[in-house]
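The first residue of the sequence shown is numbered 1, and numbering continues consecutively from there.
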Amino acid sequence: MSPVSVFATLPILLAIASPGGASIRLPKEQAVPQEFVVSVNRYVEMHRLVTAPLGPPEMCADAEELLRQEWAFARAIREARPYAREGDIFTPEVARYFRAVIAEVGWERGLDLVGEVEDAAEWDTEAAVVEVNAPIPWNAGPMMWPSVLAQLPELPPELEYRFVGRDLVLVDLFGSVVVDVLRDSLPIVEPSESS
């Protein structure tokens, strides 16, 4: 088999271990799971409906006013989804897709994603509490890897992806609220026998 054909078939042959121990194929040609698109669209519709009475966020130099605006948006969002829980958007199928995409991008780019998280000693990723409907801990680090995020499904302007430790977090930017969390989204690379 030529080197070209090896690389051409690599995405088909390459598998990664998911947290449940099962093996999944990297979704090189797989479309974004439709349930993710539907869930995000539903969330954004709800967001727009409940925040419309508050008006758009206003840019100002007054830090207290900015915090008041953020808290008002956060309160409206939490009240609209009091029973929100992990996995509402990152369902098992969606979680498999995201983990596979993240692992594939890390492998293709030669990134040691977990190593970089562990090396980020100046960021408080260990103490960061990430829970649905809670405030996003912005102090947990700028884990944003543009090369990884560029391969994830595009989001509406109200939402953003954020890595906190090994977790991928979906954040509502207006209220700095955690919308959903994909735990252990970064692959753990087992050390090889030769190392």
Side-chain angles (χ1 to χ4, degrees), residues 18-19 36 39-40 42-44 46-48 50-51 54 56-92 94-95 97-99 101-103 105-106 111-189:
S18 69
F36 177 76
S39 296
V40 166
R42 272 195 208 128
Y43 178 85
V44 170
M46 177 279 305
H47 167 102
R48 291 175 181 170
V50 302
T51 61
L54 302 173
E58 295 179 20
M59 297 303 289
C60 67
D62 183 355
E64 286 183 26
E65 178 56 29
L66 290 173
L67 277 176
R68 274 194 291 277
Q69 288 180 50
E70 183 178 298
W71 291 337
F73 282 110
R75 184 173 43 254
I77 291 162
R78 288 187 188 108
E79 288 174 359
R81 53 191 308 255
Y83 304 109
R85 57 185 170 76
E86 280 185 33
D88 284 349
I89 294 176
F90 290 127
T91 63
V94 171
Y97 172 83
F98 272 81
R99 286 187 182 109
V101 168
I102 292 166
V105 173
L111 301 173
D112 177 14
L113 301 175
V114 175
E116 288 186 40
V117 169
E118 291 170 353
D119 290 345
E122 70 274 14
W123 299 99
D124 197 9
T125 57
E126 291 298 317
V129 177
V130 181
E131 296 176 354
V132 172
N133 265 354
I136 181 71
W138 294 113
N139 64 329
M143 298 300 170
M144 297 298 289
W145 296 292
S147 58
V148 174
L149 295 173
Q151 299 304 313
L152 300 180
E154 191 174 340
L155 292 171
E158 293 87 352
L159 298 173
E160 177 179 275
Y161 298 112
R162 186 94 178 165
F163 284 102
V164 176
R166 291 188 58 230
D167 302 331
L168 178 66
V169 183
L170 189 60
V171 181
D172 188 304
L173 292 174
F174 286 30
S176 293
V177 173
V178 174
V179 176
D180 204 353
V181 182
L182 176 56
R183 302 286 177 190
D184 301 322
S185 63
L186 299 181
I188 295 177
V189 179

Whether D167 side chain and D184 backbone form a donor-acceptor pair below 3.5 Å: yes
Evaluate the side-chain proximity of [Y] to [X]: yes if any heavy-atom separation is below 4.5 Å, no if none is.
| X | Y | result |
| --- | --- | --- |
| S39 | F90 | no |
| I136 | V169 | yes |
| V178 | P135 | no |
| R81 | D88 | yes |
| F163 | L182 | no |

Let me confirm one number: the [atom1]-[atom2] distance from [X] to [Y], rounded to the nearest 0.5 Å.
| X | Y | atom1 | atom2 | answer |
| --- | --- | --- | --- | --- |
| M46 | E158 | CE | CD | 10.0 Å |
| D180 | N133 | CG | CG | 10.5 Å |
| R75 | T51 | CZ | OG1 | 13.0 Å |
| L170 | F98 | CG | CZ | 8.0 Å |
| F174 | I77 | CZ | CD1 | 8.5 Å |

Quick one: sort the F36 and Y161 rings into parallel, tilted or perpendicular, breaks at 30° and 60°. parallel
In terms of the angle between their ring planes, are F73 and H47 parallel, tilted or perpendicular, with boundaries placed at 30° and 60°? parallel
Would you sort out whether I89 and V94 count as a side chain to side chain contact (heavy atoms under 4.5 Å, CB included), showing the intermediate values? CA-CA 8 Å; I89 294 176; V94 171; 5.6 Å; no
Would you name the heavy atoms of [X] and [Y] that are closest together and state the gap between them?
| X | Y | result |
| --- | --- | --- |
| V130 | P137 | CG2-CG, 3.9 Å |
| S147 | V105 | O-CG1, 3.4 Å |
| A74 | G175 | CB-O, 3.5 Å |
| R78 | A134 | NH2-C, 3.7 Å |
| P57 | Q69 | CA-OE1, 3.3 Å |
| L54 | A72 | CD1-O, 3.6 Å |

Kindly indicate, with the supporting measurements, whether the criterion side chain to side chain contact (heavy atoms under 4.5 Å, CB included) is fulfilled by L173 and L159. CA-CA 6 Å; L173 292 174; L159 298 173; over 6 Å; no
Let's go through I102 and L152 carefully: what are the C-alpha distance in whole Å and the side-chain angles of both, what is the deciding distance for side chain to side chain contact (heavy atoms under 4.5 Å, CB included) to 0.1 Å, and is it a yes or a no? CA-CA 8 Å; I102 292 166; L152 300 180; 4.1 Å; yes
Testing E131, E86, R162 for side chain to side chain contact (heavy atoms under 4.5 Å, CB included) with V181, which one passes? E86
Given the options V164, L168, V101, S185 meets side chain to side chain contact (heavy atoms under 4.5 Å, CB included) only with L168
W71/L67 under side chain to side chain contact (heavy atoms under 4.5 Å, CB included): CA gap, chis, key distance, verdict: CA-CA 6 Å; W71 291 337; L67 277 176; 4.2 Å; yes
Above 12 or not: heavy atoms from other molecules or residues under 6.0 Å from CZ of R68? yes
